[in-house]
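What you see is a predicted model; the values in this text were computed from it and never measured.
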Amino acid sequence: QPVAILLNGQREGALSLMSWINSAIDTPVIYFGPYLGLPHFCRIDTLAEPLTEDVLTDALNGVLAEAS
């Protein structure tokens, strides 16, 4: 099982995939797109923080810290 999943929540079909992930597994998901309020999901607000390598690294480190 992966440590975390990174998804583009703005892509067509992403919402149904995220709903499936939410009900099927508890792997943390880092995504950018609209707010969903799902457990285990960490949203990157690309309007507040442009999507950069540092932003992704910080989000992944936060998810890993919560998991341990």
Side-chain angles (χ1 to χ4, degrees):
Q1 187 170 342
V3 174
I5 297 170
L6 174 64
L7 285 176
N8 179 349
Q10 298 173 325
R11 296 289 301 257
E12 185 176 336
L15 184 56
S16 60
L17 175 61
M18 288 193 275
S19 295
W20 179 86
I21 291 170
N22 184 57
S23 63
I25 58 177
D26 61 358
T27 298
V29 176
I30 300 168
Y31 76 99
F32 48 101
Y35 176 76
L36 299 174
L38 296 171
H40 311 297
F41 280 61
C42 172
R43 177 177 179 249
I44 296 174
D45 183 353
T46 54
L47 296 177
E49 286 185 285
L51 193 60
T52 64
E53 185 177 344
D54 288 341
V55 169
L56 287 176
T57 301
D58 288 348
L60 182 56
N61 286 336
V63 165
L64 293 174
E66 287 179 17
S68 60

Close side-chain approach of [X] and [Y], heavy atoms under 4.5 Å:
X: Q10; Y: T46; answer: yes
X: P50; Y: V55; answer: no
X: T57; Y: N61; answer: yes

Are L60 and L64 close enough, and set up right, to give a side chain to side chain contact (heavy atoms under 4.5 Å, CB included), and what steps lead you there? CA-CA 6 Å; L60 182 56; L64 293 174; 4.1 Å; yes
Quick one: closest heavy-atom pair of V63 and C42, and the distance?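 Minimum heavy-atom separation between V63 and C42: CG2-CB, 4.1 Å.
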At their closest point, which heavy atom of M18 faces which heavy atom of L7, and how far apart are they?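 Looking at all heavy atoms of both residues, the shortest contact is CG-CD1, 3.5 Å.
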Linked, directly or transitively: L17 and L6 (ILVMFWY side chains, under 4.5 Å):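 No, L17 does not connect to L6 through the hydrophobic network.
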Do I21 and L15 land in one hydrophobic cluster if side-chain heavy atoms of ILVMFWY residues count as linked below 4.5 Å?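 As far as the 4.5 Å side-chain criterion goes, L15 and I21 are connected within one cluster.
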Run the side chain to side chain contact (heavy atoms under 4.5 Å, CB included) test on I5 and I25 for me, step by step, so that the C-alpha distance in whole Å, both residues' side-chain angles and the decisive distance to 0.1 Å come before the verdict. CA-CA 11 Å; I5 297 170; I25 58 177; 4.2 Å; yes
Would you give the length of the straight line joining atom CD1 of I44 to atom CG of L51, rounded to the nearest 0.5 angstrom?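 The distance works out to 5.5 Å.
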Below 3.5 Å, can you tabulate the donor-acceptor pairs from side chains in residues 26-37 to any protein atom, sequence neighbours excluded?
residue: T27; atom: OG1; partner: Q1; partner atom: NE2; Å: 2.5
residue: Y31; atom: OH; partner: P34; partner atom: O; Å: 3.3
residue: Y31; atom: OH; partner: L36; partner atom: N; Å: 3.2

